[in-house]
Trainee: 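Sharing a structure below in structure tokens format, with a few things to ask.
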Amino acid sequence: MRTILVGGQFGDEGKGKIASYLAVSDSPEIVARGGVGPNAGHTVQFDGKKYGLRMLPCGINNPKSRIMIGAGVVVDPGVLEKEVELTGTRGRVFVDRRCTVITAEHKEADAAAALSAKIGTTKTGCGPAVASRAARNATLAQDEPLLEGFVTDVPAAVNRAKDVLVEGSQGFMLSVLYGTYPFVTSKDVSASSVAADVGLGPTSIDHVIMIIKSYTTRVGNGPFRDEIPVEEAEKLGFQEYGTVTGRPRRTSKGLHWEDLKFAAMVNGATQVAVTKMDVRFPGNAGVRDYAKLTSGAREFVEKIERELSVPVTLIGTGPDAKDIVDRRKELL
Ligand code: GTP
Ligand code: IMP
Ligand code: MG
């Protein structure tokens, strides 16, 4: 089975938690990362440990899976080294030889006012690195001495493997093609691009899981419907802070249905995962059985299914990877 995970909103939908659950429950041979680069921030929590990851995919928690970063991802060798050390994954982490390397100059350019103040970028050098690649003056991973021990051929590996979990990053509304341009990230982050990032063709994908959060958040500038003030978000328990930048996230109470329908269509979503259901609907913390969710929570799930015409197969009910209702056996 080859499955792609993508974010359906503005990033931070809780991809980290869903990916780490799937890595353990499905035990894929390879967990591969597509998407942009270390601008992403994923929080992975399992067995009482908590990791903030930017470069590695989140499915690191199954020691049987090889971990790969696809050619489309821009790589910061320093961030990669730190995360490999932190997670104890040395020896099973690989980077495609064609990945673009982020340099100190890219980070400086990203922090310059023109980009960081206008767009509210993460200053991680991702946008300028992607621009260098397009300008054809980027350094590739195969030519970077700091990446020597990591370099491999990711397309060959993922096409050989039967079970692959591919993680995108950011969210559809931040896509440079389909999002709220110019307040977007530097690449398209929809499922087709994520597949290309790791070297998988569109016909080789079995499932696309679009992850959404039960309310909407956005970090950085740009249009955002039905935004509520920080105080109100705090009261509702919705207020969040960025993993990479520590910035307070902007909050909108509900789901943006038209955007989500468009996202499900362009991503070709075959499943939806909804996270933080326990936050939006108290009384559901730690529930793992669909029948045990409150009726309010179940009605919300049914509304998502009606609006998007996609089954909601995974439902997050707490911060740990295991706090989840998995309906895949019943619904697929
Ligand atoms: P992605 O960028 O999509 O990976 O999301 P994220 O990891 O950036 O989100 P963030 O850094 O805000 O972390 C989310 C936090 O919420 C983590 O501590 C998760 O363990 C936690 N979380 C994820 N899903 C759920 C859920 O369903 N319920 C609760 N209560 N917490 C969750
Ligand atoms: P950049 O990707 O660093 O160039 O930032 C461009 C925009 O995308 C900014 O508004 C960022 O806040 C936003 N962004 C980039 N990556 C993420 C992410 O992983 N989660 C949420 N927002 C992101
Ligand atoms: Mg995040």
Side-chain angles (χ1 to χ4, degrees), residues 5-21 33 35-46 49-54 57-59 74 102 106-107 109-111 115-131 167-176 179-187 189 210-224 237-250 273-282 284-288 297 314-325:
L5 296 181
V6 289
Q9 293 156 318
F10 295 90
D12 307 319
E13 298 91 353
K15 291 183 290 294
K17 177 237 173 75
I18 300 291
S20 53
Y21 168 73
R33 168 107 199 251
V36 184
N39 52 348
H42 305 289
T43 308
V44 182
Q45 217 167 308
F46 59 95
K49 277 180 270 173
K50 192 167 172 175
Y51 301 103
L53 298 178
R54 295 168 50 197
C58 301
V74 296
I102 299 176
H106 293 145
K107 286 186 252 191
D110 208 10
L115 264 180
S116 65
K118 181 184 172 203
I119 310 292
T121 66
T122 56
K123 305 184 192 173
T124 50
C126 290
V130 170
E167 300 176 17
S169 68
Q170 287 72 40
F172 185 72
M173 295 305 293
L174 291 174
S175 158
V176 74
T180 54
Y181 187 86
F183 301 99
V184 291
T185 191
S186 48
K187 289 178 59 190
V189 290
M210 184 171 93
I211 305 175
I212 63 178
K213 185 156 61 185
S214 61
Y215 48 93
T216 315
T217 60
R218 168 165 207 167
V219 227
N221 302 335
F224 192 47
F238 293 178
Q239 185 58 48
E240 300 178 354
Y241 295 86
T243 332
V244 177
T245 57
R247 291 179 287 182
R249 291 181 182 154
R250 300 158 68 193
V274 56
T275 62
K276 303 228 172 170
M277 283 294 281
D278 55 311
V279 176
R280 188 176 175 126
F281 299 97
N284 292 288
V287 172
R288 294 178 190 185
L314 299 163
I315 300 165
T317 56
D320 195 274
K322 293 175 198 137
D323 296 328
I324 201 163
V325 177

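Worth knowing before you read on, the calculation uses all heavy atoms, side chains too, and leaves out hydrogens, waters and symmetry mates. Heads up: numbering here begins at 1 and tracks the sequence. From a predicted model like this one, the values you see are computed outputs, not experimental measurements. In listed order, ligands and their atoms are each counted from 1.
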Trainee: Could you tell me whether the side chain of Asn39 and the main chain of Thr122 form a donor-acceptor pair under 3.5 Å?
Mentor: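 Absent.
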Trainee: Should Arg288 and Asp323 count as an ion pair when the cut-off is N to O under 4.0 Å?
Mentor: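 Yes, charged N to carboxylate O under 4.0 Å.
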Trainee: At a non-hydrogen distance cut-off of under 4.0 Å, which region of Gln9 contacts ligand 1 (side chain, backbone, both, or neither)?
Mentor: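 Contact part for Gln9 vs ligand 1: neither.
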Trainee: If you count the atoms of ligand 1 from 1 in the order shown, which ones are under 4.0 Å from a heavy atom of Gly316?
Mentor: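 Listed by number with element: 27 (O).
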Trainee: Would you call Lys276 and Glu240 a salt bridge, taking side-chain N to carboxylate O under 4.0 Å as the test?
Mentor: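 Yes, this pair counts.
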Trainee: Counting heavy atoms only, which part of Thr43 comes closer than 4.0 Å to ligand 1: side chain, backbone, both or neither?
Mentor: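 Thr43 to ligand 1: contacts from backbone and side chain alike.
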Trainee: Tell me whether Arg280 contacts the main-chain N or O of Tyr215 through its side chain, where contact means a donor paired with an acceptor under 3.5 Å.
Mentor: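 Not a single qualifying donor-acceptor pair exists.
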Trainee: Considering non-hydrogen atoms only, spot the tightest contact between Val184 and Gly179 and give its length.
Mentor: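 Between these two residues, the closest heavy atoms are CG1-C, 3.7 Å.
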Trainee: Tell me whether Asp12 contacts the main-chain N or O of Gly7 through its side chain, where contact means a donor paired with an acceptor under 3.5 Å.
Mentor: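 Side chain of Asp12 to backbone of Gly7: no pair is present.
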Trainee: Please check this pair: side chain of Arg218 against backbone of Pro223, looking for a donor-acceptor N/O pair closer than 3.5 Å.
Mentor: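 Judged by distance alone, yes, a pair lies under 3.5 Å.
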Trainee: What is the distance from atom CG of Leu174 to atom OG1 of Thr180, rounded to the nearest 0.5 Å?
Mentor: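 Interatomic distance, Leu174 CG to Thr180 OG1, rounded to 0.5 Å: 6.5 Å.
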Trainee: Students should be able to answer this: which protein heavy-atom is nearest to atom 18 (O) of ligand 1, and at what distance?
Mentor: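 Here the nearest protein heavy atom works out to Gln45 OE1, 3.2 Å.
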Trainee: Under 4.0 Å from any heavy atom of Val279, which atoms of ligand 1 are there?
Mentor: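 What qualifies from ligand 1 is 30 (N).
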Trainee: Please report which non-hydrogen protein atom sits nearest to atom 28 (N) of ligand 1, along with the residue it belongs to and the distance in Å to one decimal place.
Mentor: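 Protein heavy atom at minimum distance: Asp278 OD1, 2.7 Å.
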Trainee: Tell me, which protein residue and heavy-atom name are nearest atom 19 (C) of ligand 1, and how many Å apart are they?
Mentor: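 In this structure, atom 19 (C) of ligand 1 has Pro319 O, 4.0 Å as its nearest protein heavy atom.
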Trainee: Could you tell me whether the side chain of Gln239 and the main chain of Pro248 form a donor-acceptor pair under 3.5 Å?
Mentor: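 Absent.
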Trainee: I need the Ile211 CD1 to Lys15 NZ distance, nearest 0.5 Å.
Mentor: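 The NZ atom of Lys15 is 6.5 Å from CD1 of Ile211, to the nearest 0.5 Å.
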Trainee: Look up atom CD1 in Ile18 and atom CG in Leu5, then write down how far apart they are to the nearest 0.5 Å.
Mentor: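 Going from CD1 on Ile18 over to CG on Leu5, the span is 8.0 Å.
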Trainee: Please compare Lys276, Glu13, Lys17 and report which has the shortest non-hydrogen distance to atom 14 (C) of ligand 1.
Mentor: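 Among Lys276, Glu13, Lys17, the closest heavy atom to atom 14 (C) of ligand 1 comes from Lys276.
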Trainee: So which heavy atom in the protein is nearest atom 3 (O) of ligand 1, and how far is it from that ligand atom?
Mentor: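 Result for atom 3 (O) of ligand 1: Lys15 N, 2.8 Å.
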Trainee: Check Asp320 against ligand 1 and report side chain, backbone, both or neither, counting heavy atoms closer than 4.0 Å.
Mentor: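 Neither part.
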Trainee: So, does Lys17 use its side chain to make a donor-acceptor pair with the main chain of Thr43 at under 3.5 Å?
Mentor: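 Between the backbone of Thr43 and the side chain of Lys17 there is no qualifying donor-acceptor contact (under 3.5 Å).
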Trainee: Taking 2.8 Å as the limit, list every protein N, O or S atom around the Mg ion (ligand 3), by chain and residue number.
Mentor: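 The answer, once waters are left aside, is Asp12 OD1, Gly41 O.
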Trainee: Can you tell me which residues line ligand 2 if we count any heavy atom under 4.0 angstrom from one of its atoms, in chain and number order?
Mentor: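 Close residues (ligand 2, cut-off 4.0 Å): Phe10, Asp12, Asn39, Ala40, Gly41, Ile119, Gly120, Thr121, Thr122, Gln170, Leu174, Val184, Thr185, Val219, Gly220, Arg247.
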Trainee: Can you check which of Gly35, Gly242, Gly41 brings a heavy atom nearest to atom 2 (O) of ligand 1?
Mentor: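 The nearest heavy atom belongs to Gly41.
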Trainee: Look at the aromatic rings of Phe10 and Phe224 and report parallel, tilted or perpendicular, splitting at 30° and 60°.
Mentor: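 Answer is perpendicular, since the angle exceeds 60°.
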Trainee: Test Ser169 against every option in Arg33, Lys187, Arg54 by the side-chain hydrogen bond (donor to acceptor under 3.5 Å, both in side chains) rule and name the one that passes.
Mentor: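 Single pass found, and it is Arg33.
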Trainee: Could you tell me whether the side chain of Thr317 and the main chain of Val287 form a donor-acceptor pair under 3.5 Å?
Mentor: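 Looks like yes, one N/O pair under 3.5 Å.
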Trainee: Just need the protein heavy atom nearest to atom 4 (O) of ligand 1, so name the residue and atom and give the distance.
Mentor: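 Protein heavy atom at minimum distance: His42 ND1, 2.5 Å.
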Trainee: Heavy-atom contact under 4.0 Å between Arg249 and ligand 1?
Mentor: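 Yes, Arg249 has a heavy atom closer than 4.0 Å to ligand 1.
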Trainee: Okay, side chain of Asp278, backbone of Ala285: is any donor-acceptor separation there less than 3.5 Å?
Mentor: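 No; judged by distance alone, with no hydrogens or angles, the pair does not exist.
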Trainee: Taking the side chain from Ser20 and the backbone from Ala321, do they hold a donor-acceptor pair closer than 3.5 Å?
Mentor: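 Not at all, since once roles are kept as given, no pair shorter than 3.5 Å links the two residues.
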Trainee: Report the member of Gly318, Gly14, Gly286, Ala19 with the shortest heavy-atom distance to atom 5 (O) of ligand 1.
Mentor: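 The nearest heavy atom belongs to Gly14.
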Trainee: Considering the heavy atoms of Gly16, write down every atom of ligand 1 situated less than 4.0 Å from one of them.
Mentor: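 Answer, ordered by atom number: 4 (O).
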